[in-house]
Amino acid sequence: MTSNSKRESSHTQNVIDAIGTGVSLRIRQVMSSLIKHLHDFARENEITFDEMMAAIEFINSAGKMSDEKRNETLLLCDILGLESLLEEIALSKENKDNSSATVGTVLGPFYRHDAPVRENESSISQPADEKDTIYVHGIVSDLNTKKPLAGAWVDVWQANGIGLYEQQDQHQVDYNLRGKFKTDKNGHYGFYSVQPGPYPIPSDGPAGDLLTLLGRPIYRPAHIHIIARCEGYKSLITQIYNRKDPYLKNDAVFAVKDSLIVDFEPMEGNSKAKLEVNFPIILVPS
Ligand code: BEZ
Ligand code: FE
């Protein structure tokens with residue numbers, strides 16, 4: 001080791017050693033590792049003071065833009081592949097026997113926790129929006145017993161046909177294309193909706209600036225978001241994708257998983273929908 005690199009690593013060690021004795025093991029582990037990687041990153045790339053200030057301004061501007069309706073900071077984590085990586089890490093820690101459970105994927109910045117409860121077989125599309133074209137349904141069941149789960153909650157949200165969530169579009173009513181459905185005694189949920197469109201992720205802020213800087217595409221394939229919850233089971237955050245979507249291979253946030261891609265099948269004899277989306281949900285006991 002040269003004397004320079006000795007001095008550098010002792011500086012890093014001093015910062016790690018400054019962590020107080022009373023902190024939890026987890027905080028000590030995570031923060032020591034963060035300091036080490038951050039210092040190594042700065043050394044490897046010879047980061048300048050001006051570059052650090054530019055990064056701080058960038059993070060501050062994402063923070064200022066974030067609120068209940070739009071989470072720009074989460075969007076940054078998504079385009080850097082962090083949220084999808086955490087999903088991968090969680091999966092690798094799971095028991096191998098869980099591999100037939102429905103897989104999770106990113107939450108994204110458009111979730112609203114207080115969506116209205118709706119009746120099964122009703123529509124999540126409010127009158128101001130387009131006509132229903134799809135029927136989405138499935139059975140929620142237990143991974144181990146395979147038994148259907150009655151009384152599970154299926155919380156859904158999606159963009160409209162031109163790829164806009166209600167909070168991005170003054171022509172849609174509040175909570176349009178959102179709803180919470182409770183499974184019946186057979187574990188069944190079902191709702192009508194419009195076919196969602198692919199959309200560019202919000203690019204009028206720091207996340208968009210970063211994508212432009214990196215020369216990356218800004219589109220997400222069309223999808224329907226789901227959070228499934230049931231007492232005694234791990235909550236599942238996931239999305240449904242249409243096999244025919246042209247953007248499946250270059251999702252801006254790396255969230256597509258093969259097992260979440262389904263066929264939107266033509267639906268005969270249903271006056272309300274042209275396409276059927278069958279999406280069974282298999283939950284893991286907690
Ligand atoms: C979404 O699917 O809503 C989404 C996910 C990550 C980033 C941006 C949007
Ligand atoms: Fe989305």
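Atoms within a ligand are numbered from 1 in the order they appear, just like the ligands themselves. Reckoned from all heavy atoms, side chains included, excluding hydrogens, waters and symmetry mates. The first residue of the sequence shown is numbered 1, and numbering continues consecutively from there. Please read all numbers here as calculations on a predicted model, not as lab measurements.
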Please determine whether any non-hydrogen atom of Tyr165 lies less than 4.0 Å from an atom of ligand 1.
yes
Quick one, Ser33 and Val30 - any side-chain contact, counting heavy atoms below 4.5 Å?
no
What part of Tyr199, side chain from CB on, backbone N/CA/C/O, both or neither, has a heavy atom under 4.0 Å from ligand 1?
side chain
Taking Lys36 first and then Asp40, would you say they form a salt bridge - that is, a charged N and a carboxylate O separated by under 4.0 Å?
yes
Taking the six-membered ring for Trp, are His39 and His11 parallel (under 30°), tilted (30 to 60°) or perpendicular (over 60°)?
parallel
2.8 Å cut-off met by an N, O or S atom of Tyr199 to the Fe ion (ligand 2)
yes
Would His137 and Phe181 count as a close aromatic pair, with their ring centres under 6.0 Å?
no
Find all atoms of ligand 1 within a distance of less than 4.0 Å from any non-hydrogen atom belonging to Ile201, and give their numbers and elements.
8 (C)
Honestly, is Arg112 close enough over Tyr175, meaning NZ or CZ under 6.0 Å from the six-membered ring centre and within 45° of the axis?
yes
Per-atom contacts, ligand 1 versus Gly108 - under 4.0 Å to a heavy atom
4 (C), 5 (C), 6 (C)
Against Glu166, only a single residue in Gln158, Arg178, Gln172 fulfils side chain to side chain donor-acceptor pair (under 3.5 Å); can you say which?
Arg178
What's the verdict on salt bridge (charged side-chain N to carboxylate O under 4.0 Å, His left out) for Lys147 and Asp142, showing C-alpha distance, side-chain angles and the deciding distance?
CA-CA 5 Å; Lys147 291 214 172 102; Asp142 175 303; over 6 Å; no
So, does His223 sit close enough to ligand 1 that a heavy atom of it is under 4.0 Å from the ligand?
yes
Kindly report the NE2-the Fe ion (ligand 2)-OH angle for His225 and Tyr165 respectively, rounded to 10°.
90°
Which N/O/S atom belongs to His223 and is the closest one to the Fe ion (ligand 2)?
NE2
Transitive ILVMFWY side-chain link Val262 to Ile226, under 4.5 Å
yes
To which protein heavy atom is atom 8 (C) of ligand 1 closest, and what is the distance rounded to 0.1 Å?
Leu75 CD1, 3.2 Å
Just let me know how His225 lines up against ligand 1, side chain, backbone, both or neither, with a heavy-atom cut-off below 4.0 Å.
side chain
Before giving the answer on ring-ring contact (aromatic ring centres under 6.0 Å, His included), spell out for Tyr165 and Tyr199 the whole-Å C-alpha distance, their side-chain angles and the decisive distance to 0.1 Å.
CA-CA 10 Å; Tyr165 287 88; Tyr199 60 83; 5.3 Å; yes
Compare Leu107, Asp78, Leu74 and give the one whose heavy atom is closest to atom 6 (C) of ligand 1.
Asp78
Provide, to 0.1 Å, the distance between atom 2 (O) of ligand 1 and the closest protein heavy atom, together with that atom's residue and name.
Arg220 NH1, 2.6 Å
Write out the residue and atom name of the closest protein heavy atom to atom 9 (C) of ligand 1, then the distance separating them to 0.1 Å.
Pro109 CD, 3.3 Å
